[in-house]
Amino acid sequence: MKKYLLGLAVLLMGTAVMTSCSDDNDGPKTYLQEYSTGAYVVNSGNMYNKIESSLTAIDYASSTATQKVFKAANGRSLGNTANDGIVYGNKIYLAVDQSNTIEVIDKKTKQSIKQIKTTDLLGKAEGAEPRHIIADGGKVYFTTYGGYVAAVDTTDFALQKKWKVGNYPEGLVFGNGNLYVANSNYAAGGGNISCINLSNDNVETKNIEGVNNPTSIYYAAGLLYVLDNQYYDASYNAYGENALRAVSFAEGKSQKVADGNYAVCVTTGAATTRDVEVVRPHFFVLNAPYGGTPSVSVLVAGSTQAQTMTLSEMPVSPCGIFADPLNGHIFVLSYRLGDKGNPDYNGNGYVVEYDRAGQKQHEYETGVGSCAMFFDSAYKTAYTE
């Protein structure tokens, strides 16, 4: 159930801002261009075998991955079952589920700025087990298994608002002035979606036809999507299917658009001046059935026909798919296999980086229980053609 998802708003490959030009317009024009610098992998660890969570940092310039960067900078454990993370401004925010914390760290030094105890912030029940996190407008928003979404100021880390949503909420996304939340009901079936109207704080929670265990949620090209996974009874019998579904919240209906149990939505474009070329949002969907053959498909937002994508090399036991919103590169997380050919849940995993065409570029070591990725960027001066 642990995904990352990436924050999940419409993203651009390059952001260009005019900074200077000659007075007589005969000199070169310069602008600030945003470019990708690296990525982070959130590793949940394995709480049952007393393996702590960790954070892996990937540097594009050197094509290297550094393990346990949080512990190295702070001399302490990140905690138990880290689940998600984002870069926002000059800080990194990490949701650590079983430790009931949002860890706020300096992006450059990786030193802790603030450890927000979510059970102190919201209450013991309401703040239990923070799951996913996004940011906008000087606030970070996160879900908790206590059934709440909370908004926290990024300057003083004070609670701004909280909203009661459905049972066991997972992913969340902004869309059309609303905040949509995927309520999983802990994979027991009967999951639903909440819509928070950010202008008046009204919350509407609605059952959606065809949706049983929504874990990730996306808003792309004016449309709402959820990743709906199988659900289980008390004897762990599985029901339903793993699929990406397009949702009409107003009508309470959904339509399957792709098979898969992991997905990422990304918009990439190209910028050489202040005018930014925008490409329609699209999904990379990973279908990795247990014991089956994994595959990847691509779906353009608004379409109902996914197209097969061939990766030059499929990882041995894929467990997540992500994409850099600026350069469009695709990343697939994977377990390594143990001695008996099964996924090794106690050993380090790895991630494979592909270009947009699916050709392998790099392979990086990660930590135990890799479950989410997020990306970093910087700005450089560039010249118009």
Side-chain angles (χ1 to χ4, degrees), residues 1-9 83-86 88 93-97 99-104 114 116-188 190-208 211-219 223-228 247-252 254:
M1 231 192 281
K2 297 176 180 177
K3 317 283 184 302
Y4 115 33
L5 189 40
L6 238 183
L8 297 171
N83 196 65
D84 199 11
I86 56 169
Y88 187 60
Y93 299 83
L94 299 167
V96 189
D97 179 304
S99 294
N100 299 318
T101 56
I102 301 294
E103 196 72 59
V104 186
K114 175 75 173 180
I116 302 171
K117 194 73 173 176
T118 55
T119 46
D120 292 342
L121 188 75
L122 299 172
K124 185 175 181 180
E126 294 88 343
E129 299 181 56
R131 297 293 295 169
H132 291 276
I133 188 165
I134 59 176
D136 185 56
K139 293 186 284 290
V140 292
Y141 299 75
F142 60 90
T143 54
T144 73
Y145 264 178
Y148 277 82
V149 171
V152 172
D153 184 86
T154 58
T155 302
D156 60 10
F157 310 114
L159 179 66
Q160 299 296 297
K161 290 183 179 180
K162 65 178 181 178
W163 301 270
K164 181 73 176 76
V165 291
N167 294 331
Y168 296 96
E170 292 278 3
L172 66 171
V173 68
F174 298 109
N176 195 32
N178 299 314
L179 184 56
Y180 293 97
V181 185
N183 305 307
S184 70
N185 201 31
Y186 208 58
N192 51 35
I193 297 174
S194 293
C195 176
I196 302 170
N197 186 320
L198 294 174
S199 65
N200 60 19
D201 294 327
N202 180 63
V203 180
E204 181 180 7
T205 298
K206 183 180 288 188
N207 293 328
I208 307 296
V211 174
N212 298 290
N213 177 23
T215 53
S216 298
I217 192 163
Y218 318 86
Y219 193 84
L223 301 172
L224 188 66
Y225 294 83
V226 295
L227 188 68
D228 192 52
V247 173
S248 171
F249 187 82
E251 296 176 342
S254 70

Atom pair OG (Ser194) and CG (Leu179), whose distance is rounded to the nearest 0.5 Å
9.5 Å

d(His132 NE2, Ile86 CD1) to nearest 0.5 Å is 12.5 Å

Under 3.5 Å, is there a donor on one side chain and an acceptor on the other for Asn207 and Asn192?
yes

Nearest heavy-atom pair of Val173 and Tyr219: which atoms, and what distance?
CG2-N, 3.8 Å

Could you report the tightest heavy-atom contact between Tyr180 and Gly175, atom names first, then the distance?
CE1-O, 3.5 Å

Derivation and outcome, side-chain contact (heavy atoms from CB on, under 4.5 Å), residues Val226 and Ile193:
CA-CA 9 Å; Val226 295; Ile193 297 174; 3.6 Å; yes

Do Phe157 and Leu121 have side-chain heavy atoms sitting under 4.5 Å apart?
no

With Asn202, which residues qualify under side chain to side chain donor-acceptor pair (under 3.5 Å), at least two apart?
none

dist Tyr141:OH -> Leu198:CG (nearest 0.5 Å) comes out at 5.5 Å

Tyr218 and Leu227, any side-chain heavy atoms less than 4.5 Å apart
yes

Which residues satisfy the side chain to side chain donor-acceptor pair (under 3.5 Å) test with Asp120, sequence neighbours excluded?
none

Hits for side-chain contact (heavy atoms from CB on, under 4.5 Å) against Thr101, two or more places apart or cross-chain, chain-then-number order -> Val96, Ser99, Gln115, Lys117

Minimum heavy-atom distance Phe174-Ile134, with the two atoms named:
CE1-CD1, 3.3 Å

For Glu129, give me all partners under side-chain contact (heavy atoms from CB on, under 4.5 Å), at least two apart in sequence or on another chain.
Asp97, Gln98, Asn100, Tyr145

Approximate separation, where rounding is to 0.5 Å, of Ile208 CD1 and Ser254 OG:
7.5 Å

Lys114 atom NZ, neighbour heavy-atom count above 12 within 6.0 Å:
no

I'd like to check the ring pair (Phe, Tyr, Trp, His ring centres under 6.0 Å) partners of Tyr93; sequence neighbours left out, ordered by chain and number.
none

Report the residue from Asn167, Val165, Thr143 that forms a side-chain contact (heavy atoms from CB on, under 4.5 Å) with Asn183.
Val165

Show the nearest heavy-atom pair for residues Gly127 and Thr118, with the distance to one decimal.
O-OG1, 2.6 Å

Could you check whether the rings of Tyr186 and Tyr168 sit parallel, tilted or perpendicular, using 30° and 60° as the cut-offs?
tilted

So salt bridge (charged side-chain N to carboxylate O under 4.0 Å, His left out) across residues 153-162, not counting sequence neighbours, yields Lys161-Asp201

As a quick check of understanding, evaluate side-chain contact (heavy atoms from CB on, under 4.5 Å) for Asn212 and Asp228, giving each step before the final call.
CA-CA 7 Å; Asn212 298 290; Asp228 192 52; 4.1 Å; yes

Shortest non-hydrogen pair, Pro130 vs Ala95, comes out as O-CB, 4.1 Å

Between Asn83, Thr144, Asp84, Leu172, which is the residue that forms a side-chain contact (heavy atoms from CB on, under 4.5 Å) with Arg131?
Asn83

If you round to the nearest 0.5 Å, how far is OG1 of Thr154 from CG of Asp136?
10.5 Å

Kindly give the heavy-atom pair with the smallest separation between Trp163 and Ala150, and that separation in Å.
CZ3-C, 4.5 Å

